[in-house]
Amino acid sequence: MISFNRRRFLSLSAGATFAAATAPRLYAGVPNRPPLRSHQSFTFVFITDTHLQPELNGAEGCREAFLKARQFPADFAIHGGDHVFDALGVNANRATMLADLYKRTANDLRLPVYNTMGNHDCFGIYKESGAQPTDPFYGKKYFQDNFGQTYYSFDHKGVHFVILDSIGITEDRSYEGRVDAEQFNWLSRDLAAQPVGTPIIVSTHIPIMNAIDYASVPLNKMKHHSLSVINAADILELFDHYNVIGVFQGHTHVVERVEWHGVPYITGGSVCGNWWHGTRYGTPEGFMVVKVEKGKVIPHYESYGFHTIDPRNT
């Protein structure tokens, strides 16, 4: 289990770098990327894992987070996934109610929002939902109907943003972290189409690289590879050829920064903390404010003062 004290948490949110004991090997063969193209400076908000629900004051907590987030001079927000809790294992009426409640609550943010799909944003995957694969909202169709495309890209002030779909739905009606072949081919073409040296920022729900894999349930004891993207090696190799200046991740509800080949992989905590039960491995409920300046991302983590009615801090 990861255990963060307050001082350690603040150092992470200020941008401390995770370094393995084998650091010399970790950084062997760092790619020689082209010089960065210039871009304008700006700020965006990275909000992830809202897990909106009417229970445990979850909807009110989201509203409080959105009201605070809009106080920052941000150009837009990226949602890192898991908008609601939960579409995986509930019936269509409950899933529809959650999506409608989220969209009403999100009006308080008053920022353009680019949405990333999370595992809990897929409808009816678990058999206990009673849903069938033939249902009109089944799986990722629920996200598409409520929040938009599952993967796409956009440009802002000279920076290219990529929003990935990292949710692989398994044959036994569960999920794993995966970027499928069709999307990987799209990603390869999308990055190749950018002018040489373009700074690139990526959002993914399930992390491409993190440290919590080593601190929780061992992956070889999990039925599915669900804490990180199983084919991350292919993505990491692709990123070596481009000026990726930051990858923002959700899913684990902690604040982390891991660097690989000079690229920071930043896990952005969560609005809901420990699923509305307090802190998650010492990370309080919150979101990230990210300044993009001179080819670098400078994030800091903002808590918003939520008080759980059922504390179960980890």
Applying a strict under-4.5 Å side-chain criterion to I, L, V, M, F, W and Y, I'd like to know whether [X] and [Y] cluster together.
X    : Y    : result
V258 : I235 : yes
V90  : M97  : no
F287 : V113 : yes
I201 : I298 : no
I230 : L236 : no

Please report whether the ring centroid of [Y] lies less than 6.0 Å from that of [X].
X    : Y    : value
H261 : F239 : no
F76  : F154 : yes
W276 : F85  : no
F44  : F248 : yes

If every non-hydrogen atom of [X] is compared with every non-hydrogen atom of [Y], which pair is closest and at what distance?
X    : Y    : value
I245 : V297 : O-CG2, 3.4 Å
P299 : R257 : CD-NH1, 4.3 Å
T283 : Y301 : CG2-OH, 3.7 Å
A59  : T105 : O-CG2, 3.8 Å
T170 : Y175 : OG1-N, 3.9 Å
G124 : A131 : CA-CB, 3.8 Å

Is it true that a side-chain atom of [X] and a backbone atom of [Y] form a donor plus acceptor pair closer than 3.5 Å?
X    : Y    : value
R178 : N231 : no
R280 : N313 : no
S129 : Y126 : yes
T198 : Q194 : no
H300 : M288 : no
Q132 : T134 : no
S41  : E293 : no
Q40  : G158 : no
E176 : I169 : no
D86  : G89  : yes

What distance separates [X] [atom1] from [Y] [atom2], expressed to the nearest 0.5 Å?
X    : Y    : atom1 : atom2 : result
S203 : D165 : OG    : CG    : 11.0 Å
D82  : T50  : CG    : OG1   : 7.5 Å
I206 : S226 : CD1   : OG    : 6.5 Å
M117 : N119 : CE    : CG    : 9.0 Å
T96  : N91  : OG1   : CG    : 8.5 Å
C62  : E285 : SG    : CD    : 11.0 Å

Task: Q183 and N185: CA distance, side-chain angles, deciding distance, side chain to side chain contact (heavy atoms under 4.5 Å, CB included) verdict - done: CA-CA 5 Å; Q183 182 184 181; N185 290 335; over 6 Å; no
Task: Option among H277, H251, H83, H253 that satisfies the ring pair (Phe, Tyr, Trp, His ring centres under 6.0 Å) test with H51 - done: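 Passing option: H253.
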Task: ring pair (Phe, Tyr, Trp, His ring centres under 6.0 Å) partner of Y151, the single match among F143, Y114, W186 - done: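 Of all the options given, the one that passes is W186.
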Is it true that atom [atom1] of [X] has more than 12 heavy atoms of other residues, nucleotides or ligands lying nearer than 6.0 Å?
X    : atom1 : result
K296 : NZ    : no
K103 : NZ    : yes
F137 : CZ    : no
E182 : CD    : no

- [ ] Quick one: do V271 and I47 satisfy side chain to side chain contact (heavy atoms under 4.5 Å, CB included)? Show the steps, please.
- [x] CA-CA 7 Å; V271 169; I47 295 171; 3.6 Å; yes
Min side-chain heavy-atom separation [X]-[Y] under 4.5 Å:
X    : Y    : value
I163 : I78  : yes
V247 : P264 : no
I266 : Q249 : no
H156 : F42  : yes
V263 : V202 : no
W275 : L56  : no
V289 : F46  : no
N274 : T314 : yes

- [ ] Let me see the working for H160 and D190 under side-chain hydrogen bond (donor to acceptor under 3.5 Å, both in side chains), right down to the final yes or no.
- [x] CA-CA 10 Å; H160 187 64; D190 182 79; 2.6 Å; yes
Without hydrogens or angle criteria, can the side chains of [X] and [Y] be said to hold a donor-acceptor pair below 3.5 Å?
X    : Y    : value
N210 : S228 : no
T252 : T267 : no
S174 : D172 : no
H79  : T48  : no

TODO: Give the ring-plane orientation class for F123 versus Y142, where under 30° counts as parallel, over 60° as perpendicular and anything between as tilted.
DONE: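 Tilted: the ring planes of F123 and Y142 meet at 30° to 60°.
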Short N-O contact, [X] and [Y], less than 4.0 angstrom:
X    : Y    : value
E128 : R94  : no
K141 : D145 : yes
R312 : D310 : yes
D121 : K140 : no

TODO: Check the pair L52, L101 against side chain to side chain contact (heavy atoms under 4.5 Å, CB included), reporting the backbone distance first and the verdict last.
DONE: CA-CA 8 Å; L52 184 142; L101 179 59; 3.4 Å; yes
TODO: Start with the C-alpha distance between L191 and L238, add both sets of side-chain angles, then the distance that settles side chain to side chain contact (heavy atoms under 4.5 Å, CB included), and finish with yes or no.
DONE: CA-CA 9 Å; L191 296 183; L238 179 64; 4.0 Å; yes
